[in-house]
Amino acid sequence: MQIRSVEITVGAFMAAGIVALFFLALQVSNLSSLGNGDGFKITARFDNIGGLKVKAPVNMAGVRVGRVSDIRFDGQSYEALVTMTIERQYNTIPDDTFAKIYTAGLLGEQYIGLEAGGSSDYLSEGSELAMTQSALVLEEIIGQFLFNKAGEGVKPEGETP
Amino acid sequence: MLDQLARLGRSGLDYLASVGRAHLLLLRILQGLSDMLPRPRLLIQQLFSVGVLSVMIIVVSGLFVGMVLGLQGHYVLSKFGAAETLGVMVAASLVRELGPVVTALLFAGRAGSALTAEIGLMKATEQLSGLEMMAVDPIKRVLTPRFFAGFIAMPLLAALFSAIGVVGGHLVGVGLLGVDSGAYWSQMQATIDLHEDIFNGVIKSLVFGFTCTWIALYQGYDSLPTSAGVSRATTRTVVHSALAVLGLDFILTALMFGE
């Protein structure tokens, strides 16, 4: 009897520990929304990807349809070659879709937004997106803004005399 | 001058000898695995005294650590208008660091010291020699089940600690401070990664379980067979375990999460 109650409590302890592990895996982590890499791969070339990272979301109309699976530098064209894995259920994306790098919020992480084109051919394994727009790099925008401001300040002085 | 040099050399040699004894003991403990597997009852008995009896302190401290994280995290995050990310902060700090580390520290205090005292007393009262007289290997019979019980119990306890802590953070954050419940869970799920965060936390607790139980068993087995010797060994167990856990945690964190 004594041994039996020990065995029962040990069983309950191990079950509780395993349940806790499952709780962490299912409720706390992103296991349920992983997508398991099951999908087709497409590529896109960007002049500048800013702070885009592997595993960043790929969104379409604000809904996540895939993830960035690989980022490489192309030594021939000096562009960034980004590989995305799109979930298999989204197999009706036009092949002239426009890929753009956005930033979530002012300081948030960067993600790729897809804007559907009008083609009747769909993206499939190995397709390449021809039309892309680089990430907005904050320093460049500020630099451009200051440059324009300085230009505005000079013009009237140059014209008046 | 030469005397002092000799003393330094002797303490160095003593230290090396004790490290060597600890590794030999570990080797013999691991060799006992094949003899333990046909007798699972020994392991279950030890899982009870090492694991089940530690559940209460783990659950209570996990709950309170989670609630404190909820309070403090909300205080800081609400200053930046990011109170919705409370779930991420609570879960990440629990799963990555606090779960394994605090569990290991509590485990060293609750179960490690008990293991050392038990084995030290067995040695002092010559029970271990008695077993040997009956041609029973005391390491295989007494130490191996205890070692594997600690090794198995630690990850389960750490998982319990983290899970209860996340619930505790939810209790305070959502129930008391008014963070949105959906945001608490969804932000957490969007950020916490199964491999990067949770598996690494489990690996940490496995390493800590291995280290803490090893230290406790070695200190008990190597203690002087007197009451003073057992008491010193128990103290050493807690101190060495705590230092080893904190030092290893730094190394593991640097390897796992450092870029």
Side-chain angles (χ1 to χ4, degrees), chain A residues 1-38 51-59 62-71 85 87 102-112, chain B residues 40-41 43-56 58-59 62 80-82 87-88 90-92 94-95 99 103 149 152-167 169-170 184-199 201-202 205 259:
Chain A
M1 196 59 215
Q2 180 63 32
I3 288 289
R4 189 162 165 71
S5 69
V6 165
E7 280 176 353
I8 289 170
T9 45
V10 169
F13 162 66
M14 296 191 68
I18 292 164
V19 165
L21 270 178
F22 270 100
F23 170 78
L24 289 176
L26 294 177
Q27 185 72 24
V28 175
S29 88
N30 53 1
L31 180 67
S32 40
S33 64
L34 253 181
N36 308 328
D38 181 38
L52 191 74
K53 290 195 176 70
V54 172
K55 275 184 154 180
V58 176
N59 290 350
V63 180
R64 196 179 67 75
V65 296
R67 279 184 189 281
V68 173
S69 50
D70 189 34
I71 297 176
T85 307
E87 287 174 29
Y102 291 102
T103 308
L106 190 59
L107 300 167
E109 62 169 343
Q110 293 190 299
Y111 64 95
I112 294 182
Chain B
R41 192 150 284 175
L43 180 66
I44 289 173
Q45 187 69 45
Q46 290 314 315
L47 266 175
F48 179 78
S49 62
V50 167
V52 175
L53 296 181
S54 309
V55 165
M56 205 54 216
I58 294 293
V59 166
F80 299 100
V88 180
V90 170
L94 275 171
V95 172
T103 305
I152 294 169
M154 181 76 91
L156 298 176
L157 290 171
L160 262 180
F161 186 97
S162 299
I164 300 269
V166 168
V167 173
H170 183 267
Y184 185 87
W185 292 118
S186 68
Q187 295 258 350
M188 188 189 296
Q189 286 166 4
T191 312
I192 305 293
D193 190 73
L194 182 69
H195 293 268
E196 184 146 332
D197 294 312
I198 293 182
F199 283 178
V202 172
S205 58
E259 292 194 43

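This structure is a prediction, so every number in the text was calculated from the model and none was measured. Quick note on labels: first sequence line is chain A, next is B, and so on, each numbered from 1.
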Participant: Please give me the minimum heavy-atom distance between A:R64 and A:N59, naming the atom from each residue.
Facilitator: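 What the structure gives for the nearest pair is CA-OD1, 3.3 Å.
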Participant: So which atom in B:D197 and which in B:I192 form the shortest heavy-atom distance, rounded to 0.1 Å?
Facilitator: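 Taking B:D197 first and B:I192 second, the nearest heavy atoms are OD2-CA, 3.4 Å.
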Participant: What orientation do B:W185 and A:F23 show, parallel under 30°, tilted 30 to 60°, or perpendicular over 60°?
Facilitator: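 Correct class here is perpendicular.
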Participant: Identify which part of B:I198 has an atom lying under 4.5 Å from any heavy atom of chain A, answering side chain, backbone, both or neither.
Facilitator: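 Just its side chain gets close to chain A.
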Participant: May I ask you to name which of A:V19, A:L21, A:L24, A:I18 has the most heavy-atom pairs under 4.5 Å with chain B?
Facilitator: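 The candidate making the most pairs under 4.5 Å is A:L24.
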Participant: Check each atom of B:L94 against the heavy atoms of chain A and say whether the ones under 4.5 Å are side chain, backbone, both or neither.
Facilitator: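 Interface part for B:L94: neither.
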Participant: Please flag which part of B:V88 lies under 4.5 Å from any non-hydrogen atom of chain A: side chain, backbone, both or neither.
Facilitator: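 For B:V88, there is no contact with chain A at all, as no heavy atom is under 4.5 Å.
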Participant: Side chain from CB out, backbone as N, CA, C, O: work out which of these in B:A158 comes under 4.5 Å of a heavy atom of chain A, or both, or neither.
Facilitator: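 Answer is neither: B:A158 stays 4.5 Å or more from chain A.
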Participant: Working to the nearest 0.5 Å, report the span between CG of B:L47 and CG of B:L43.
Facilitator: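 Reported to 0.5 Å precision, the distance equals 4.5 Å.
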Participant: Name the region of B:V167, side chain, backbone, both or neither, that has any atom closer than 4.5 Å to a heavy atom of chain A.
Facilitator: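 It is the side chain, since no backbone atom gets that close.
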Participant: Does the distance from a Lys or Arg side-chain N to an Asp or Glu carboxylate O, for A:E87 and A:R67, drop under 4.0 Å?
Facilitator: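 Looking at A:E87 and A:R67, the cut-off is not met.
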